[in-house]
Structure formats: structure tokens, C-alpha cells
Amino acid sequence: VYFGMPITYHPHLEKSKDLWIKIGKLFASHRWKVCSAFEHVKPKSSVPRQFDTFDDLGFDHVQMLLSELVLMDLNYPSIGVGQQMGLSLFQPLIGFSKNLVSRMALGRPGSLILKYDKDDELLNMLSDISKRKNYKKEPFYVKKSPVRFLKSVYKGKVCLNKLYSENSF
């Protein structure tokens, strides 16, 4: 799973890191390999004079493109998160926010955007989502569903957009 979040101009970065660490540990406890952007990106670093890849800049776009599932913190607007959402267009995306999110996020096909009030509520939902027998029996994928006009996120045969319709935007 690739886990992206707003970093550079996040108004409560240190407080949010506590939640992000818990989310990373939660997915890892269910046998997921987790690549969390905040652990790798140094947003205040300058661009080197010579570089060959995005990896040289610490963007981890390759990790995101190779991941089975993209997870995004959408609590604060971010150009970087928007770019990552665009780059991961063909992968299932699960976003989360306490507040309303942009039309761009809501209109992205193949996404589920969870709404929550308390961190524990979010962690419980993500725990249920991240549990699975194995990736062959319960893969994450994007598919058209009768639940909504846009394509939905599936885990195995379960449409997560339908399952979490009461807790999503």
C-alpha cells in the first residue's frame, strides 16, 4: 500500500504524524508492505543540480505506481496529493477526511473516501478494510458497480463503496 498525505504546508504536521504512524502499523500488522510518504519525503530540501529519477528527489512515485492500493489523507488541500491521485488513476484509492473534500477527489473513479470524526473510528474502518485472507482471494481492484455512477473499490467480491456508504462522501 502506498500512503500519501499533505506534508509541506500541513498546519498540524506533528499531530497528524501520530495518526499516520498508527495507520502504517495497522496495515503492517495485516501483512501489508507500507510505503508512507512522510517517512521518505523531505519537502524543504532543494532540487539537486543533477538528478536522473523521481527517486533522487524522494517522491516515491515508483512505489505508488507499483502498489495494489493507494491510501490518501485528504484532510488538507495539497498539490502533491492531487498529483498522486492523478498518477494513481488506475489503482484503487481509499482516502479519508474529517471535512468535505474537493470535487476532484470526489469525482475520481475507483475511489472510496471515508469520513470520520475521531481517529479511533477511522482506525477501526481501516482495520476492517486491511484484513484479508490473502491477496489472491481478496484482491483490491476497481470495477463498475450499481452503487454509484463512477467505478468503485472492491476487495474480493465486496464493493467497499457499498459497504461504507454511510461513512463516506
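Basis for what follows: all heavy atoms, side chains included, without hydrogens, waters or symmetry-related copies.
- Note: the hydrophobic cluster containing V142 does not contain F96 (ILVMFWY, side chain heavy atoms under 4.5 Å, direct or indirect links).
- Between atom OG of residue S127 and atom CD1 of residue I23 there is a gap of 11.5 Å, rounded to the nearest 0.5 Å.
- Within the 4.5 Å cutoff, the side chain of M104 has no heavy atoms near those of the R108 side chain.
- Atoms CG and NZ, on L112 and K162 in that order, are 14.5 Å from each other to the nearest 0.5 Å.
- You'll find the side chain of S78 stays beyond 4.5 Å of the side chain of M5, heavy atoms only.
- The CD1 atom of I113 sits 7.0 Å away from the CG atom of L93 when rounded to the nearest 0.5 Å.
- No donor-acceptor pair closer than 3.5 Å links the side chain of N167 to the backbone N or O of Y116.
- For E166, there are no salt bridge (Lys or Arg N to Asp or Glu O under 4.0 Å) partners two or more places apart in sequence or in a different chain.
- The two atoms that bring S97 and V101 nearest to each other are CB-CG1, 3.6 Å, heavy atoms only.
- Looking at S130 and L26, their side chains come closer than 4.5 Å, going by heavy atoms from C-beta outward.
- K22 pairs by the side chain to side chain contact (heavy atoms under 4.5 Å, CB included) definition with L123, not counting sequence neighbours.
- Within a 6.0 Å sphere centred on NZ of K25, heavy atoms belonging to other residues, nucleotides or ligands number 12 at most.
- No donor-acceptor distance shorter than 3.5 angstrom exists from the side chain of E68 to the backbone of P139, with no hydrogens or angles considered.
- For I79, the CD1 atom counts as loosely surrounded, since its 6.0 Å shell holds 12 or fewer non-hydrogen atoms of other residues, nucleotides or ligands.
- Taking the six-membered ring where tryptophan is involved, the planes of F3 and W20 are perpendicular, since the angle between them exceeds 60° and thus also 30°.
- In terms of modelled atom types and a separation under 3.5 Å, the side chain of S67 and the main chain of V70 share no donor-acceptor contact.
- Under the 4.5 Å side-chain contact rule for hydrophobic residues, Y141 and M72 do not share a cluster.
- In terms of the side chain to side chain contact (heavy atoms under 4.5 Å, CB included) criterion, residue partners of E138 (sequence neighbours excluded) are, by chain and number, R132, K133, K155.
- Not counting sequence neighbours, the partners of V1 by the side chain to side chain contact (heavy atoms under 4.5 Å, CB included) test are F27, W32, V34, L69, L71.
- Under the side chain to side chain contact (heavy atoms under 4.5 Å, CB included) rule, I129 has a single partner from L160, V158, L163, which is L160.
- Exactly one of S111, P92, P146, C159 qualifies for a side chain to side chain contact (heavy atoms under 4.5 Å, CB included) with S152. That residue is C159.
- Side-chain atoms of S36 never come within 3.5 Å of backbone atoms of F38 as a donor-acceptor pair (strictly under, hydrogens ignored).
- Side-chain atoms of V153 and N161, non-hydrogen and from C-beta on, do get closer than 4.5 Å to each other.
- The local environment of NZ in K17 is crowded, with over 12 non-hydrogen atoms from other residues, nucleotides or ligands closer than 6.0 Å.
- Counted within 6.0 Å of NZ on K144, heavy atoms from surrounding residues, nucleotides or ligands total more than 12; the atom is thus considered enclosed.
- Under the 4.5 Å side-chain contact rule for hydrophobic residues, L89 and Y154 do not share a cluster.
- Linking Ile, Leu, Val, Met, Phe, Trp and Tyr whenever their side-chain heavy atoms come within less than 4.5 Å puts L87 and M85 in one cluster.
- Residues L100 and L106 are not in side-chain contact: their nearest non-hydrogen atoms beyond the backbone lie 4.5 Å or more apart.
- Membership of the apolar cluster around L150 extends to F149, as traced through chained side-chain contacts below 4.5 Å between ILVMFWY residues.
- Listed by chain and residue number, nothing satisfies the side chain to side chain contact (heavy atoms under 4.5 Å, CB included) test with N124 (two or more places apart in sequence, or in another chain).
- Of all the heavy atoms in R148 and K151, the pair that sits closest is NH2-O, 2.7 Å.
- In this structure, D18 and D119 have side chains that are not in contact, with every pair of non-hydrogen atoms separated by 4.5 Å or more.
- The hydrophobic cluster containing V147 does not contain F169, counting ILVMFWY residues as joined when their side-chain heavy atoms lie under 4.5 angstrom apart, directly or transitively.
- Remark: the Y2 side chain and the Q84 side chain contain an N/O donor-acceptor pair separated by less than 3.5 Å.
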